[in-house]
Amino acid sequence: MLQIQTFIGGIFDTNAYLLRGAQGNILFDAPTGSAEWIRSLGVKPDILLITHGHVDHIDDAAKIKRLFEPQVAYHRGSLPMITDPDFFRNFGFYLEAEPVQPDFFVEETDEVVFCGVKFRVLLVPGHCPGSVCFHSQANHFLIGGDVLFAGGIGRTDLPGGDHALLIKGIREKLLLLPDETKVLPGHGPITSIGEERRMNPFLRPEDPLSTRLK
Ligand SMILES: [Zn+2]
Ligand SMILES: [Zn+2]
């Protein structure tokens, strides 16, 4: 049985999830304060998987790497955001996190095993390039990053954002998952694919914004 714990940290109330599996511990995202949280739990993360390169999700990543030496992994598309301190500055944003190099890249794939747990990796850009979701079919959950929220979707007004692309990715990849799939998002409460399919105002067929931007 898998155990998943949630931590909420930083000025954007960003969620981190710690999955404790039989063969190791996976930390998803590293918001401000998550290093201290991990330390307080007395757990060593074996892998740090980063859903995407926004500062609020990686603020403690370098610190976690130093303290616990997990393997750090993210999608290639996130590389400039995570390793180039000038990336956001060039767009006029002065939020900064310490860069962290990947030990390996996460690719979109039907099957990859992290710490003994099988995942499907879905590449869903639009919130930003290189944004990935991790789906555990056997355990019926999706680590969603900032793609799909309870009643919302990721913002698309930051560098590399694309509303139509995000909606397309959600429809073509996330909404294909079973209704009972729990969505563990980067912000806000846990929801489910079924709930968002029925209720999410951004995913209605008549959504005027998605039509206009196509
Ligand atoms: Zn984000
Ligand atoms: Zn975020």
Side-chain angles (χ1 to χ4, degrees), residues 4-19 26-35 37-38 48-64 72-100 102 105-106 108 121-135 141-170 173-174 182-191 196 200 202-203 209:
I4 299 183
Q5 288 165 280
T6 307
F7 169 80
I8 305 172
I11 55 171
F12 297 107
D13 286 337
T14 304
N15 295 328
Y17 298 100
L18 177 67
L19 186 157
I26 308 172
L27 178 64
F28 295 93
D29 287 345
T32 316
S34 54
W37 174 61
I38 293 292
L48 167 58
L49 294 175
I50 297 173
T51 59
H52 67 294
H54 284 156
V55 175
D56 57 314
H57 295 259
I58 60 162
D59 200 30
D60 269 15
K63 197 171 175 183
I64 287 169
V72 174
Y74 46 80
H75 191 270
R76 200 178 297 274
S78 294
L79 192 65
M81 280 181 275
I82 300 182
T83 58
D84 176 5
D86 288 333
F87 182 85
F88 284 106
R89 217 176 297 149
N90 291 340
F91 291 97
F93 295 96
Y94 288 88
L95 293 165
E96 261 180 53
E98 188 182 342
V100 63
F105 286 117
V106 168
E108 182 165 62
V121 180
L122 305 166
L123 178 63
V124 190
H127 172 62
C128 65
S131 174
V132 288
C133 302
F134 299 93
H135 177 225
F141 72 84
L142 177 87
I143 302 288
D146 287 0
V147 171
L148 180 63
F149 301 126
I153 58 170
R155 59 189 286 184
T156 52
D157 58 335
L158 294 170
D162 183 329
H163 181 86
L165 186 64
L166 178 62
I167 295 283
K168 184 174 162 21
I170 293 172
K173 296 184 180 176
L174 269 51
K182 283 206 170 82
V183 179
L184 283 59
H187 303 270
I190 291 174
T191 182
E196 297 314 309
N200 193 307
F202 293 92
L203 300 176
L209 193 58

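Note that the numbering runs from 1 along the sequence shown for the chain. Counting convention: from 1, in listed order, for ligands and their atoms alike. Computed from a predicted structure; not experimentally measured. Below, each value reflects all heavy atoms present in this structure, side chains not excepted, and no hydrogens, waters or symmetry copies.
Among the backbone and side-chain atoms of His52, an N, O or S atom lies under 2.8 Å from the Zn ion (ligand 1). Put simply, His57 stays out of reach of the Zn ion (ligand 1), with no N, O or S atom under 2.8 Å from it. Distances from the Zn ion (ligand 1) show that Asp56 has no N/O/S atom below 2.8 Å. Checking His187 against the Zn ion (ligand 2), an N/O/S atom falls under the 2.8 Å cut-off.
Phe12 pairs with exactly one of Val55, Asp56, Asp146, Asp59 by the side chain to side chain contact (heavy atoms under 4.5 Å, CB included) rule, that one being Asp56.
When the Zn ion (ligand 2) is compared with the N/O/S atoms of Asp146, atom OD2 turns out nearest. Looking only at N/O/S atoms, His54 comes nearest to the Zn ion (ligand 1) through ND1.
Between Phe134 and Phe28, the ring planes lie tilted relative to each other; the angle falls in the 30° to 60° range.
With Asp162 contributing its side chain and Leu165 its backbone, the two residues share a donor-acceptor pair below 3.5 Å. Using a distance-only test at 3.5 Å, with no hydrogens or angles considered, no donor-acceptor pair links the side chain of Lys182 to the main chain of Ile190.
The existence of a salt bridge linking Glu108 and Lys173 is confirmed by a sub-4.0 Å separation between a basic side-chain nitrogen and an acidic carboxylate oxygen.
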